[in-house]
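What follows is one structure encoded as structure tokens, with my remarks underneath.
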Amino acid sequence: MSQKMNKFRHRPGAIPATAKEIRIKSIQNPYTMRAYEIENYIQALKTIEEKLVKFMKMGENLNKEKDKEKSATVGDMVFIHLISYNDEIKLPSFVYRGLINHINKDGAYYIFLVDHGISIELTRNKFYILPQDFISDKYLTKTVGIFGILPICMKNNDSMPNSSNSTAVVVEKWTKEAIQFIKHLLSFIEVIYFDHLVTDENNGKEYGEFYFSIDENVVSLSEALFNNYHALYLEGDLLKLAEMDPQLRKRRWHVLHVKFSKDREERKIPTFINRINDYQTKFFLSEKILIQSSVDCDVLSDITDLRYPKEVHEGWMQSIKSSRPRKLQSYICPAINNGLNVVAVGSSQCGKTTGCILAVCGQITKLEKKMHSATRPLALILCTSTFEVIFIQSLCDLFLKAFKNIRSVAAFNGLSDRSVAAMIYNGCQILVTTPRYLSRFMNENKDILLFDRLSFLVLDNADVILDKYHHSIGQLFKKHNVIENREPQGDNRPILQIIISLTSWTEKTKRFVNFAMYNPYICIASFIEAVVFKSVCPKLYCLESKHKNNKILDLLKNDNGTLRTAIICVNAKEAEELNNSLISTKKTLLIHEEMKSFDIQALRNSWMSCIYGFYPILICTDPVLSELNITNIKWLIHHSVLLKLKNHFNYRFSVLLNNLTQRVPDCKITIIIDENNNIQVQSIIKMLQRMKIEIHPEILYYVQKIAITLEMNKKDYVLCDNVKSFGFCQNQSNCVFRHCILREIDMPMTNVQINDKVKLVVLYIHDTTHFSARIVEHIPHSDKSDKITYSNVEYMQTAMKIQNYYGNIENRKMCISTNVGDICALEDILDTFKRVQVLRVNYDSNNFQDVKYVDVRCIDSGIVRESVDVRKLMNMPEELQKLPTHVVEVFLADLVPQDEEYMWNRYTNEQVHKWFANNFNGSCDYIGGKVCLHLGNTIWLDDLIIGTKLNGHSTVKVSSLKKELLSGKYAVSDSNHLLNLFELCRNGGLTHFNVHDTSISE
């Protein structure tokens, strides 16, 4: 054996000359695989098939009646004639020889196709017995296995598997993890070599070493199994022990104390799958999604494959209208089904929330034995806002509407503790709420809820929750024991599954996952977040555009062709200019969108075939990136980030995915920004800040100037509704509307001044504090006797002029171009036309020039219509565009939702509708309030008051909307609202207007 082991030790990084290329057809374990040699296989198979066809042409051989008389037993050689076997296995031929290796009790025959290396199940009428020695050719496939290693598992103790004193246990059989590892590993490899070392004379099985190459690095299978803690080399003392005791393999197990050397830690395997302690990090090329987990889960292709009760699937179809899951859902749903803790990272529209809720609801239908307690929820779902609570609870109701014994309760601001308690007592298997509300509710109602039987804890938008509501989360965990039963049980699965979804991977998220989540299944669908997760720190350079190409040349001065480097440009012109500047000193490969598709593919193939030490510099553009489908880049250079859409910038990072599977990625990222790169700069800085990268103050100052410039350039966009409602926008980085006040745009359109009073006709309620209204009376605060009354006549005349013009069919001409701020006409209902202004253009995600839908505001009613087909917009002459505007936007000042949610929900909105219905009637004298601020066609009121005359009295009953909202806990006061708006006024040069000095309003 020692001599064989010496032969086994080959020169590192080389494939032995004796190794032959093989194709593996099936894997039972590393000791037992079925394979065939590539050389001469096609010709040999053709010869065998010719003999089988000859057998088929001999008509008497296919006589079914005569064949039935022949008994079929295990070991018989049979003839099979099939076009295809089933939808899952596409057979490569139509005639086969096979060995019967098992006969089931129900009459099913399991037949091994000896020339193809796979087994199929057939009934007796699907094959014929072959005469003995009819075909004497050797079987084209053979059984092969790995030589010189023993299977192990790591002893379950406190130390990590790669610590200096870990305990390895030699086991009798290969572990499931080892078998899964080798299957996944070899599924990625196109070319595999087998070096035959030993043959088992009893069964003819061949043992040896398997070799394959990844990124021009030669790797052996034994090395991969050893470095990933699945095997030990049979060498040294262990080899002597095996030589002394040939019965070693027959014993059940032996405990070996192994001290792993530092050399082992340094031996890296450049593969798509790498162990990180007990974890594997991998990605699926077809979907381009990063997974880190110690457990492999199925990939879902159809929602019905989850096999929940049909009523759950019917609810899904009613909501989603498709049984095909989205990318992230394909991975997280099976993982939740397998009882794993799950972390889902993806964009806000990727379907992560819906997928998590479906899986939790589906799992709860299986927990009937735990459903007897009304006040001990099985699932707790924590959300960032009341708006999300209501949405998610409606999803639960939809999925579980047929299950009367499973009830979901939404607990949120605006509901009294009494009503929430009543719903809980009536049955609460799923509780959906916000951290602050639940913490406050449990502090005040200690004995109502217990979480000792909690099976699922879901944190939706966990990155926001852990940042904004960390104090409440701490209270829930420490004081109210929400996660007290999270420890794993005997089967290594936790009683409590923790499932979190998030958009951004943050330091707080990382700490929470490490603290609270045992053995998490981490699924990342965002390429930028994959980079942040793997702590690949980009380098940022801020340059003038004319210096960029020289900077790149300087960066590449030490390049010797050993790193796969890609420089991504925005367009073909930029790429060609860069290529011209590099080509004299560097070998480059240029690919851009103006090339033909055939040439692009040819260049891609050339890139993929390049060998180590001779890599050219790949220069490509965003439009061809998805077509290239490259994931093996080690150095990504962003030539510029002048991109309109963030998803284009995000997709660039997909080129690093191969490297991101490494335990410690050795890839590099360089980002160059110039004076033209403004849209994505803020996102880049935020990403770097999340990674704790120190940014030079000059760059921060430059970025701040860019942000201000960007906002000031949004002159055609209206001031953001969030700014108007709350004084700031919490989603400013993703919001297209304007967030600064501009003097030339926002000067008041009427003479209504601060402290004046107005009477209104409310036309539309947008949300709790936002209305569209028409001013009918203006009472100046300086002289109350000098009130101004606005006639209805002009308002009606405007509507009539628009209607009369478009009553003539010849005037209904479609708009040639549609831009933000344009005023057009829209047919609201049949032959009824409205004057509208374009608020936002919804571009196609793949083509920034392709405009299909727009959001518009009806100028004379204030109603906003979203996603209007641009073909429905009609050109409007200038004289109609300039007709007087009587409708203003009205906001209540200094009111915000509770708990800093900054988003009104339908329940608070409904309360406003109820307030109007209860107080506005025929005896109503007025609706109005005192003006706090006036900008453009928007006014802010200190309150909205309804004055109602009392029958037989001269007095007027006053009803206050602000008082109603505060007393009912639908809103809270916030004095910063107006202060923030005054600050924006000062920054925009509006320090004196409305006979009011904003500089003193602090």
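Just so it is clear, the structure is predicted and the values come from calculations on it, not from any experiment.
At least one side-chain heavy atom of Ile500 sits less than 4.5 Å from a side-chain heavy atom of Val513. Looking only at side-chain heavy atoms (C-beta outward), Lys539 and Ile669 stay at 4.5 Å or farther from each other.
Side-chain atoms of Asn337 and Tyr308 form a donor-acceptor pair, as typed in the model, at a separation below 3.5 Å. For the residue pair Gln689 / Lys686, no side-chain donor-acceptor distance below 3.5 Å is found, with atom types taken as modelled. Neither side chain, Glu177 nor His230, offers a donor N or O lying under 3.5 Å from an acceptor on the other. Side-chain contact check for Asn519 and Asn341: no donor-acceptor pair (N or O, by modelled atom type) lies under 3.5 Å. Inspection of the Glu574 and Ser640 side chains reveals an N or O donor paired with an N or O acceptor under 3.5 Å. Judged by distance alone, the side chains of Ser501 and Asp460 do bring a donor and an acceptor atom under 3.5 Å apart. With 3.5 Å as the limit, one finds no donor-acceptor pair spanning the side chains of Asn659 and Lys534.
Taking the six-membered ring for Trp, Phe527 and Tyr651 have ring centres closer than 6.0 Å.
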Take Glu627 and Ser597 through the test side-chain hydrogen bond (donor to acceptor under 3.5 Å, both in side chains) and record every step on the way to the result.
CA-CA 9 Å; Glu627 186 177 355; Ser597 182; 3.0 Å; yes
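Taking the six-membered ring where the residue is Trp, His638 and Phe653 present tilted rings, their angle falling between 30° and 60°.
Remark: Arg23 CZ is loosely packed, at most 12 non-hydrogen atoms of other residues, nucleotides or ligands lying under 6.0 Å away.
Scored by the side-chain contact (heavy atoms from CB on, under 4.5 Å) test, Asp305 finds Leu300, Ser301, Asp302 as partners (sequence neighbours excluded).
Checked by atom type and distance alone, the side chain of Lys668 never pairs as donor or acceptor with a backbone atom of Trp635 at under 3.5 Å.
Among the candidates His592, Arg652, His648, the single residue satisfying the side-chain hydrogen bond (donor to acceptor under 3.5 Å, both in side chains) test with Asp622 is Arg652.
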